[in-house]
Amino acid sequence: MKILISNDDGFQAPGLVALYEAIKDLGDVEVVAPEHNNSAKSNALTLHQPLYVHQGANGFRYVNGTPADCVHIALTGLLDYRPDLVLSGINNGANMGDDTIYSGTVGAAMEGYLFGIPAVAFSQVEKGWSHLDAAAGKARELVRQLIAQRLHERPAPFLLNVNIPNRPADSLGAFEVCRLGRRHAAEKVISQPSPRGDTMYWIGAAGAAKDGAPGTDFHATAQGRVAVTPLQVDLTEHDTLAPWAQTFSKAPLS
Ligand code: MN
């Protein structure tokens, strides 16, 4: 079993260390992660500057790029083997609902998935790393379950998005397979004067849950359960293909 781990919080992040320590005995495990925090970088690739790979004192390799860069480089030349599984995280904060579009944690996992490798993104719901050991325990449990059922050997890859409430192990609920919820639009941008008199803008916080109904990741984690959402990458709105085809089949206006 060969496992590649990345993240978006950077190669020294406690969540990455905890994930590595929790699963390192389940196979040959290697870490290739960003040098710095790359949260909200989604699937971005660095095309206009060179990337360098170095090895940290903790043995992890780090890249001066994005989460997707790390996995991309690992899979296309850095590693001399093809991993059986790509893991990402554990992220410092939730990646639920619309977060998955922006998330670098999901982006790293998705890069593996796009290369045909099963992948799992792990996040803790609250920032600050409280009960990280319990979250890492859950991540280990999930990976063991996948390996035991040989799911990584299926012909089609899968992409799982996992959100773990910050709770001690004895009060963490079971895995709940659920859909993504939806968030309200993000908070207002924050503007303030810079020391040199310009106006600086800071992207505001993510919105609160708008759809946190039963069956969503927001609901599952609010109940203390571990939300597991299988993701797909096809953004096509299949239900509206027919009406749009109708629209564009009409004679063009002259
Ligand atoms: Mn992050």
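Whatever order the structure lists them in is the order used to number ligands and atoms, beginning at 1. We count residues from 1, following the sequence as given.
- Coordination check, N7 versus the Mn ion (ligand 1): failed, since every N/O/S atom of the residue sits at 2.8 Å or beyond.
- Rounded to 10°, the angle formed at the Mn ion (ligand 1) by OD1 of N91 and OD1 of D9 is 90°.
- In this structure, a donor-acceptor pair under 3.5 Å is absent between the side chains of N161 and T100.
- M96 pairs in a side chain to side chain contact (heavy atoms under 4.5 Å, CB included) with only one of the listed residues (T221, L180, T229), which is T221.
- No side-chain N or O of T66 forms a donor-acceptor pair with one of N38 less than 3.5 Å apart.
- Judged by distance alone, the side chains of T240 and E237 do bring a donor and an acceptor atom under 3.5 Å apart.
- For D8, the N/O/S atom at the shortest distance from the Mn ion (ligand 1) is named OD1.
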